[in-house]
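Naming: A, B, ... by sequence-line order, numbering from 1 per chain. These values consider heavy atoms only, across backbone and side chains, with no hydrogens, waters or symmetry-generated copies. Not measured: the values here are computed from a predicted model.
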There are 2 protein chains.
Amino acid sequence: METLIKEPTTRNAKNTFNMIIESAINLFYKNGYHGTTVNNITQEAGIAAGTFYLYFPSKLSLYKHILIMFSHNIRRTIAANVAEKVTRYEKEREGLKSFIMLAKENPQMYNIIWESLYIDRALFKDYYESFAKRYIKGLNNSVKREEIRALDTEVVSYILMGVANFIGLKVVLDLGDNNDDIEHIVDVYMDLIKHGLFQ
Amino acid sequence: METLIKEPTTRNAKNTFNMIIESAINLFYKNGYHGTTVNNITQEAGIAAGTFYLYFPSKLSLYKHILIMFSHNIRRTIAANVAEKVTRYEKEREGLKSFIMLAKENPQMYNIIWESLYIDRALFKDYYESFAKRYIKGLNNSVKREEIRALDTEVVSYILMGVANFIGLKVVLDLGDNNDDIEHIVDVYMDLIKHGLFQ
DNA sequence: ATATAAAATGAATGGTCATTCAGTTTGTGA
DNA sequence: TCACAAACTGAATGACCATTCATTTTATAT
């Protein structure tokens, strides 16, 4: 409906388009969606306010565009890294590690995706449900191959997604003491899901 | 600074005060902080706009007040329920179950706490760090008693908090298929952290 | 009953922004 | 070099909304 974006064609226009997106990503991260005005964005991008509306019909449509870009990016990156691994154990390790590294290198991404819960709940749901769907498929395969135990894979997928997200949060927000070595965190996690918590 | 609330003294004033809070909780949940106006709140509470400012110096101060109320509530409830259990295994089970039930019975609470990440990041950090601190203490005790393995308890605390939060999210947002029986979810979780994921 | 303070009112204010549009500049193809 | 379209400009518009304040109502204590 409102989400139609006028994709630029010429070299210069493409440049402007990308500047808008880049500026918006940084400002949304720093000040949040509601704390960022269209004028902030255009100023940061070095263009006039009106130029914004040549490409995006509204501030919200820009936000949605960025969100969709990011979610493709995350899924693609993680899927590619995980596909290189063979065993479920290695896949699990790689999945968490890729996610945390993405979050750390690109905290804007992490932040903007979570904020969608308060801007467009449907987008948020779509994102996590389709993420979960893929995850569940992978887990089901591993159950068939008898690599992992036959637990309810839907519940397991949400448990493991929860872990990744919260650790991502910890890394992004510098929660806790935080000299956090990603390898160390991933090691603790793998130890936990391999041997369990209890003696 | 801005957070000073004028606590009401008389019976009627207390009533008004509570109506403001109750209306705000529901509206913040339904439409988010930014999607809720002070006039919405006062209308819902059946009072005049100006009355709001007899008790709260600003919209933000009301939000903070609600957030603090909730975080006390959560901590108190979970701590009380967990304290009744003896073994770490039982405490862990009770902690997750209490949290999910709180989230389900009171989705506003869950939602408003997470939104704080986009409204007042310092409050959010405080909340989770102090929650984690307590959790870590409990885990450390259990390590000493040789109930659980000697993992890095800070990392473990964030892992387990992540699980609780994401499952809470799933329940609140109706993510996935969702005939979710809380007992079932908790069982899967306990199985996972008891026996691990792998064969 | 009266005085006094506490509560409540709601229209008005002022600031903030997303969005528009009439006009200008830039690039390109003939 | 000219004309035409595509890009761009930025001041103006109008809606929205937190907050104020002069005034009125209500409750209480004497």
Please report the distance, rounded to the nearest Å, between [atom1] in [X] and [atom2] in [N].
X     : N      : atom1 : atom2 : result
B/K14 : D/dA27 : NZ    : C1'   : 16 Å
A/Q43 : C/dT16 : CD    : P     : 14 Å
A/L60 : C/dC17 : CG    : P     : 17 Å
B/Y53 : C/dA11 : OH    : P     : 16 Å
B/K59 : C/dT16 : NZ    : C1'   : 13 Å
A/R11 : D/dA6  : CZ    : C1'   : 16 Å
A/N31 : C/dT16 : CG    : P     : 15 Å
A/I41 : C/dA18 : CD1   : P     : 8 Å

Q: Assign B/T42 to base, sugar-phosphate, or nothing according to its heavy-atom contacts below 4.0 angstrom with the strands shown.
A: nothing
Q: Flag the pair A/F56 / A/I21 as yes when at least one side-chain heavy-atom distance between them is below 4.5 Å, and no otherwise.
A: yes
Q. Is any side-chain heavy atom of A/F124 closer than 4.5 Å to a side-chain heavy atom of B/L169?
A. yes
Q: Check whether NZ of the Lys or CZ of the Arg B/K59 lies under 6.0 Å from the centre of the six-membered ring of B/Y33 and within 45 degrees of that ring's axis.
A: yes
Q.
Quick check with a 6.0 Å cut-off and a 45 degree axis cone: is B/R121 positioned over the face of B/Y128's six-membered ring?
A. no
Q | Interatomic distance, B/T87 atom OG1 to B/I148 atom CD1 [nearest 0.5 angstrom] | A | 11.5 Å
Q) Quick check: are there more than 12 heavy atoms from other residues, nucleotides or ligands sitting under 6.0 Å from CD of B/E90? A) yes
Q.
Could you check whether A/R93 pairs with A/E183 (Lys NZ or Arg NE/NH1/NH2 to Asp/Glu carboxylate O, under 4.0 Å)?
A. yes
Q: Give the B/S/- string for nucleotides 7-16 of chain D, one per nucleotide from 5' to 3', where a protein heavy atom under 4.0 Å of the base yields B, of only the sugar-phosphate yields S, and otherwise -.
A: SBBB------
Q) Would A/F131 and A/I78 count as a side-chain contact (heavy atoms from CB on, under 4.5 Å) if you check the C-alpha gap in whole Å, the side-chain angles of each, and the deciding distance to 0.1 Å? A) CA-CA 11 Å; A/F131 200 106; A/I78 294 183; 4.2 Å; yes
Q. Once you build an axis from the first five pairs and another from the last five of the helix from C/dA1-D/dT30 to C/dA30-D/dT1, how far apart in angle are they, to 10 degrees?
A. 10°
Side-chain donor-acceptor contacts of residues 5-20 of chain B below 3.5 Å, not counting sequence neighbours, with atom names and distances?
from	atom 1	to	atom 2	distance (Å)
B/T10	OG1	B/A13	N	3.2
B/T16	OG1	B/N12	O	3.2
B/N18	ND2	B/K14	O	3.2

